[in-house]
Amino acid sequence: MTFRLFKDEVRRLLQQALDDAGCPKVDFDVSEPQHKEFGDLACNVAFQLAKPLKKAPPKIAAELVEGLKLKIRDTLVLSAEAHPAGHINFKADYSRLSSATLARALKSPENYGYHDSGQGRHIVIEHTSVNPNKALHVGHMRNVIIGDVLYRIMKATNHRATVLNYVDDSGLQVADIVVGFKFAGFDVEPPKGKKFDHYCGDAVYVKINEMYEKDPPLVEKRKLVLKEMEEGKSELARFAADITLRVLNEQLKTCWRMRARYDLLNFESHIVVSKLWGKAFELLKNSKITHFEEEGKNKGCWVIEAKDEEDKVLVRSDGTATYIAKDIPYAAWKLGLVDDPFSYHEFVGQWDGSTLYATMLGGGKPASKEFNGGERVITIIDSRQARLQRIISQVLSKIGAGTREYFHLGYEAVTLSSDTAKAFGIDIGDRQFMHMSGRKGIYVNADYVLDTLHAKAYEEVKMRNPGFTEQQLNATAEEVAISAIRYNMIKQDLDKIITFDVKESLSLEGDTGPYLQYAYARSQRILEKSGQTVDNDARFELLTHEAEIAMIKEIAKLDLVVEDAARSLSPKSLARYSYILATTFNLFYEKVPVLKEGNADIRMARLALVKALGVALKNALDVLGITALDRM
RNA sequence: GGGCUCGUAGCUCAGCAUGGACAGAGCGAACGCCUCCUAAGCGUUAGGUCGAGGGUUCGAAUCCCUCCGGGCCCGCCA
């Protein structure tokens, strides 16, 4: 919270010094130096001024510092120094910064580190959107977790965020398993003990795709099923809808297990039937984004011209709409550019106490809250869809999105490591990884990952906590498992391919989620064992050890990190910050005794510091969707 | 062929938007630290032509160009 104040103050003082010296206006940077011996903040303005002033940077820096020195009294700034290299280095006055930071964290822990940059703006986030014919695999996990962390970041920055999960209940993939059940003899009931979504994906979907190869008439059946599903009246269509719901309910269990939550399920079939497409098509025609092609390879089609791309067919020459004709009206609905054709019903209650709604047509209720109409709409889909998503963005900006923005947040695929591929009997030779394939049954199930992590964590927890009940062991193991996978899925940049290795993913040490939880648990045990109530106004000026100062500084930065994560849509930066926070604490833990400190004032100040660290770490973990554990 | 994207230590990755001070972590390796708040921890050592080349600049991992290598996307399929 307070590092921001310190930074602002440095900027203000610098600007004054520059004005006083009559310097020309230049852009300059105030940021943390690479090495801590240079101080807490550094400025490069002397380099920027070198050319206009025709003077050497060290000289400029030295002169500016002369002016600064007079101004820093009674501020958060302790010193300003000119480094011979030309930088101006600032040190914070920790006698002020410490108490400001720690008192704040201790007195309002529930919102410490959160920020108001969103100012209540409405943001719509879509994630998950897994075809309802199979169970989630690790690739889907990345989507769910990125989306959910983004949602939490938006909440932490005072955005009004709604989360959508798009259910493609009228597509080919659902048709495939319906063909399996109705025309290929698959039992509708899974074998005992097998989740229905796993059964549909692992057995029915994979095998029906094998059968298509040998049995072409089955492919014809799929067309029939697809057609009936679209018309939505027949017994077959009702059967398909039942299957979809059953799979969806199982998928949601997995998502909830990962601590994701949603506001609304958008059924694709409702978009199709709602005639939203017709309205969107009118909008497109009116704004001349689409035209009827008179000749060429797209003769007889309505096409859109996309910037630097080939024309995209919107309406086929037989008058039927392509899939983009579902995406565009849906996107327009999200932005609130078309009248809302849906009514809503309460689908199910969720683990966090919120209600998950679902779209419906006719009946139900009008929206009791705003699901759509976001000032910003963020759609989380893997980057293979980047091209199409770009076209959708372009189209929407042309049909009157105005200041509203449709944004595709892409991320790279999760692939399988060489060793994990071997587990499927596949040798990938020299290659580093291989892509998963739902159709071929080559993927690692999300539930399997969670179960395996849970089992490993269970053993670790049991070893360390012999007194735990079975219930405690399982509850703790589950939290550790979730933190491991959540952290694993967001700690790297979105545009990096994740090569998933079953063995490697089981690590609970080093740069992992459990490491963060462990640091937190250690901090809470110190507080618990002290048996003392922490004094929120302890004598913080007694905290002078290097490790203590480092911790205070990190704690003071939380809101800057949260704000930055929201601005740059970057879950990763929060993960990295949390890791640094934990590392800083672990260092303190090694070097600075708390309970054994003889001086009562110092002990209390350290306890307060430990408690404040706990507040910052817990709040950071909350945003990552990781539960802070008191013991593990 | 065109577009997008990645290429930093043996492996996995930060740093790149807004160019600046000796390029940082984790894993793995070797060695060390529990009579002391949970060792899921901490430390030491080894390990780097920042893919290559050119350019801009006082200064480039960071910006620009070319090339090389990996991946993805380019259907009247969804």
Side-chain angles (χ1 to χ4, degrees), chain A residues 27-29 31 33-35 37-38 42 44 46-48 50-51 56-57 83-87 89 131 168 170-173 175 226 268 293 297-303 308-310 312-324 326-327 382-388 390 410 412-413 415 417 431-433 435 457 460-461 463-465 480 484 491-493 495-499 501 504 507-519 521-523 525-530 568 572-573 576 579-580 582-583 585-587 589-597 606 610 631-632:
Chain A
D27 283 334
F28 60 89
D29 183 50
S31 59
Q34 291 171 39
H35 303 278
E37 54 272 24
F38 293 132
N44 67 345
F47 294 101
Q48 309 302 330
K51 192 170 262 180
H83 188 273
H87 295 84
N89 294 327
N131 273 307
D168 182 2
S170 57
L172 264 185
Q173 297 204 15
L226 204 54
E268 179 172 277
E293 197 62 70
K297 65 171 187 169
N298 292 332
K299 187 178 176 187
C301 301
W302 285 86
V303 301
D308 304 324
E309 308 268 353
E310 292 228 347
K312 202 84 206 153
V313 173
L314 205 58
V315 178
R316 303 181 186 101
S317 51
D318 67 1
T320 59
T322 62
Y323 66 94
I324 271 211
K326 290 169 188 167
D327 290 341
D382 71 82
S383 46
R384 282 175 299 194
Q385 305 238 34
R387 200 183 191 114
L388 292 165
R390 201 174 306 127
E412 269 296 344
T415 63
S417 73
R431 301 192 162 251
Q432 294 292 304
F433 57 82
H435 283 274
E460 300 282 333
V461 178
M463 199 161 67
R464 293 168 174 82
N465 300 278
V480 171
K491 74 170 174 177
Q492 58 281 78
D493 214 67
D495 51 23
K496 235 88 176 188
I497 292 171
I498 292 182
T499 302
D501 185 88
E504 232 172 69
S507 170
L508 308 176
E509 290 164 20
D511 188 9
T512 66
Y515 175 93
L516 309 178
Q517 290 176 307
Y518 182 62
R522 280 176 138 188
S523 73
R525 291 285 281 158
I526 293 175
L527 296 172
E528 187 191 320
K529 287 198 171 175
S530 78
S568 51
K572 171 197 67 181
S573 46
R576 300 207 74 81
Y579 180 71
I580 291 168
T583 303
F585 172 73
N586 276 329
L587 199 71
Y589 188 94
E590 290 292 324
K591 295 201 167 153
V592 184
V594 179
L595 300 181
K596 289 175 84 186
E597 170 57 45
R606 287 185 183 158
V610 169
R631 277 178 191 236
M632 63 186 281

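By convention in this document, chain letters (A, B, ...) are assigned in the order of the sequence lines, proteins followed by strands, and residues within each chain are numbered from 1.
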Looking at [X], I'd like to know whether one of its side-chain N or O atoms comes within less than 4.0 Å of OP1 or OP2 on [N].
{"X": "A:Q48", "N": "B:G20", "result": "no"}
{"X": "A:H35", "N": "B:G24", "result": "yes"}
{"X": "A:Y515", "N": "B:A39", "result": "no"}
{"X": "A:Y589", "N": "B:A39", "result": "yes"}
{"X": "A:R316", "N": "B:C77", "result": "yes"}
{"X": "A:K529", "N": "B:U38", "result": "yes"}

Go through the N and O atoms of the side chain of [X] and the base of [N], and report whether any donor-acceptor pair is under 3.5 Å.
{"X": "A:E597", "N": "B:C37", "result": "no"}
{"X": "A:S317", "N": "B:C76", "result": "yes"}
{"X": "A:N89", "N": "B:A21", "result": "yes"}
{"X": "A:Y518", "N": "B:A40", "result": "no"}

For this session: Determine the contact category for A:E293: base if any of its heavy atoms lies under 4.0 Å from a base atom, sugar-phosphate if only primed atoms, P, OP1 or OP2 are that close, otherwise nothing.
Result: nothing
Of all the nucleotides listed ([options]), which has the minimum atom distance to the side chain of [X]?
{"X": "A:R387", "options": "B:C42, B:G70, B:C73", "answer": "B:C73"}
{"X": "A:K51", "options": "B:C58, B:U38, B:U5", "answer": "B:C58"}
{"X": "A:N298", "options": "B:U5, B:C42, B:C76", "answer": "B:C76"}

In whole Å, what separates the [atom1] atom of [N] from that of [M]?
{"N": "B:G2", "M": "B:C63", "atom1": "C1'", "value": "25 Å"}
{"N": "B:G55", "M": "B:A46", "atom1": "P", "value": "35 Å"}
{"N": "B:U18", "M": "B:C13", "atom1": "C1'", "value": "23 Å"}
{"N": "B:A23", "M": "B:C42", "atom1": "C1'", "value": "24 Å"}
{"N": "B:G70", "M": "B:A29", "atom1": "C1'", "value": "28 Å"}
{"N": "B:G43", "M": "B:C4", "atom1": "C1'", "value": "44 Å"}
{"N": "B:G47", "M": "B:G24", "atom1": "P", "value": "15 Å"}
{"N": "B:A60", "M": "B:G20", "atom1": "P", "value": "11 Å"}

For this session: Output yes when a side-chain donor or acceptor of A:S530 lies under 3.5 Å from a complementary backbone atom of A:L527, and no otherwise.
Result: yes
Problem set entry | Under 3.5 Å donor-acceptor, A:T583 side chain and A:Y579 backbone | yes
Distance in angstrom units between [X] [atom1] and [N] [atom2], rounded:
{"X": "A:E590", "N": "B:C33", "atom1": "CD", "atom2": "P", "result": "14 Å"}
{"X": "A:Y579", "N": "B:C27", "atom1": "OH", "atom2": "C1'", "result": "10 Å"}
{"X": "A:L314", "N": "B:G75", "atom1": "CG", "atom2": "P", "result": "15 Å"}
{"X": "A:R525", "N": "B:A39", "atom1": "CZ", "atom2": "P", "result": "11 Å"}
{"X": "A:K299", "N": "B:G75", "atom1": "NZ", "atom2": "P", "result": "22 Å"}

Exercise. Do the side-chain N and O atoms of A:N586 and A:Y518 include a donor-acceptor pair separated by under 3.5 angstrom?
Worked result: no
N/O to N/O distances under 3.5 Å, protein versus nucleotides 13-15 of chain B:
| from | atom 1 | to | atom 2 | distance (Å) |
| --- | --- | --- | --- | --- |
| B:C13 | OP1 | A:I497 | O | 3.1 |
| B:A14 | OP1 | A:D493 | N | 2.8 |
| B:A14 | OP2 | A:K496 | NZ | 2.7 |
| B:A14 | O2' | A:R576 | NE | 2.9 |
| B:G15 | OP1 | A:K572 | NZ | 3.0 |

Exercise. Between A:D382 and A:R384, is there a salt bridge with N-O shorter than 4.0 Å?
Worked result: yes
Problem set entry | Residue closer to the 5' end of RNA chain B, A:G300 versus A:E504 (nearest nucleotide) | A:E504
Exercise. Would A:K297 and A:E310 count as a salt bridge (Lys or Arg N to Asp or Glu O under 4.0 Å) if you check the C-alpha gap in whole Å, the side-chain angles of each, and the deciding distance to 0.1 Å?
Worked result: CA-CA 12 Å; A:K297 65 171 187 169; A:E310 292 228 347; 3.1 Å; yes
Exercise. Does a sphere of radius 6.0 Å around CG in A:D318 hold more than 12 heavy atoms from other residues, nucleotides or ligands, not counting ones at 6.0 Å or beyond?
Worked result: yes
Exercise. Across all strands shown, which nucleotide pairs with B:A61 by Watson-Crick or G-U wobble geometry, both distances under 3.5 Å?
Worked result: none
For this session: Evaluate whether the aromatic ring of A:H87 and the six-membered ring of the B:A21 base sit under 5.5 Å apart, centre to centre, with an inclination under 30°.
Result: yes
Exercise. Can you list the steps and then say if A:F38 with A:H87 is a ring-ring contact (aromatic ring centres under 6.0 Å, His included)?
Worked result: CA-CA 9 Å; A:F38 293 132; A:H87 295 84; 7.2 Å; no
